[in-house]
Amino acid sequence: MYEVAAIEDAAAAEASLDPMRSKLLAELVEPGSATSLAAKVGLARQKVNYHLRTLERHGLVELVEERRKGNVTERVMQATAASFVISPTALAAVQPDPARSPDRLSARWLLALAAQLVRDVGTLITGAAKAQKKVATFAIDGEVRFASAADRAAFAEELAQCVTSLVSKYHDESAEGGRDHRLIVAVHPSVKKAS
């Protein structure tokens with residue numbers, strides 16, 4: 001099971017958004033059968049089986065084992081990932097395009113960049129899994145507290161200068177066999193979790 005997986009198919013996204021199927025996906029972080037799940041979610045085993053077949057058809061759950069119980073074969077299923085993110089690819093016609101209105105100070109442009117990041121990394125993960133390879137990535141996540149809006153603006157300016165200098169140092173347009181990499185740096189107010 002993966003820690004996180006991107007859902008790229010619109011039908012799979014639709015299947016995952018059904019409240020009962022979403023609940024089943026959450027329960028299936030640990031393997032379970034229709035019988036064990038029925039008791040947890042308060043639904044008849046047959047209805048749970050229907051939802052499990054839909055999730056399995058879309059690759060969101062997979063068979064872990066089959067157990068013989070009398071005349072019945074019990075199928076034990078597990079989610080293919082502990083959590084899922086829906087890629088903008090699933091909304092092909094309306095997916096965000098950061099190239100439409102680039103504005104490095106716009107929260108909506110940042111959202112479009114984040115959507116592009118989800119789409120691109122989801123595509124890379126899917127391709128790497130098929131090729132049985134790993135994806136070379138790097139990320140930094142942290143928090144910084146600014147004393148004032150002026151400090152935040154100065155930080156953003158200095159960060160932009162540092163990143164520009166670093167990119168200038170390592171970018172080689174003529175590198176034969178080189179591979180382009182996307183760089184996204186973002187600063188936004190932290191969202192506090194409700195306690």
Side-chain angles (χ1 to χ4, degrees), residues 1-17 25 29 57-62 79-193:
M1 172 193 303
Y2 298 113
E3 178 58 34
V4 64
I7 298 173
E8 297 176 318
D9 177 70
E14 181 180 3
S16 73
L17 291 172
L25 284 171
V29 170
R57 188 170 55 249
H58 292 293
L60 301 173
V61 299
E62 61 191 0
T80 54
S83 56
F84 295 90
V85 62
I86 297 175
S87 170
T89 304
L91 301 168
V94 293
Q95 65 180 305
D97 179 4
R100 269 185 263 190
S101 59
D103 174 0
R104 67 182 202 177
L105 299 177
S106 165
R108 294 191 187 277
W109 187 63
L110 177 55
L111 186 60
L113 281 175
Q116 177 179 298
L117 179 67
V118 168
R119 183 193 68 220
D120 292 352
V121 174
T123 299
L124 289 168
I125 289 171
T126 300
K130 287 179 184 171
Q132 297 182 343
K133 293 187 176 184
K134 291 187 176 186
V135 180
T137 62
F138 172 75
I140 296 175
D141 180 32
E143 287 195 27
V144 58
R145 180 184 292 257
F146 299 109
S148 66
D151 284 354
R152 185 188 66 239
F155 175 87
E157 187 59 37
E158 192 172 336
L159 179 62
Q161 290 170 3
C162 288
V163 170
T164 301
S165 173
L166 198 58
V167 168
S168 295
K169 179 178 178 180
Y170 288 98
H171 179 69
D172 187 349
E173 192 69 41
S174 62
E176 197 166 313
R179 183 170 184 191
D180 291 338
H181 285 70
R182 178 163 300 283
L183 171 70
I184 296 175
V185 178
V187 177
H188 63 82
S190 296
V191 177
K192 299 297 179 196
K193 294 181 180 173

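- Ala90 approaches Ile7 most closely through the heavy-atom pair CB-O, 4.3 Å.
- Across Asp120 and Arg182, no two heavy atoms sit closer than the pair OD2-NE, 3.8 Å.
- Summarising the geometry of Ala82 relative to Val29, their closest heavy-atom pair is O-CG2, 4.0 Å, with the distance given to 0.1 Å.
- Across Gly122 and Ala6, no two heavy atoms sit closer than the pair CA-CB, 3.7 Å.
- Considering only heavy atoms from C-beta on, Pro96 stays 4.5 Å or farther from Leu111 through its side chain.
- Heavy atoms of other residues, nucleotides or ligands lying less than 6.0 angstrom from CG of Asp180 number 12 at most.
- Rounding to the nearest 0.5 angstrom, the gap separating the CG atom in Asp151 from the CZ atom in Arg145 is 13.0 Å.
- Checked against side chain to side chain contact (heavy atoms under 4.5 Å, CB included), Val94 has the following partners two or more places apart in sequence or in another chain: Leu91.
- Residues satisfying the side-chain hydrogen bond (donor to acceptor under 3.5 Å, both in side chains) criterion with Thr126, sequence neighbours excluded, are Glu8.
- With sequence neighbours excluded, the residues that form a ring pair (Phe, Tyr, Trp, His ring centres under 6.0 Å) with Phe155 are Phe146.
- What you find for His171 and Glu173 is that their closest heavy atoms are NE2-OE1, 2.9 Å.
- Panel note: side chain Thr123, backbone Arg119; a donor-acceptor pair is recorded below 3.5 Å.
- Counting non-hydrogen atoms of other residues, nucleotides and ligands closer than 6.0 Å to CD of Gln116 gives a total above 12.
- The backbone N or O of Tyr2 sits nowhere less than 3.5 Å from a side-chain atom of Thr80 that would complete a donor-acceptor pair.
- Rounding to the nearest 0.5 Å places CD1 of Ile184 at 5.0 Å from CG of Leu113.
- Shown here for Leu124 and Val135, the closest heavy-atom pair between the two residues is O-CG2, 3.6 Å.
- Interatomic distance, Asp103 CG to Leu110 CG, rounded to the nearest 0.5 Å: 11.0 Å.
- Here Phe84 contributes atom CZ and Leu60 contributes atom CG; the two are 5.0 Å apart, rounded to the nearest 0.5 Å.
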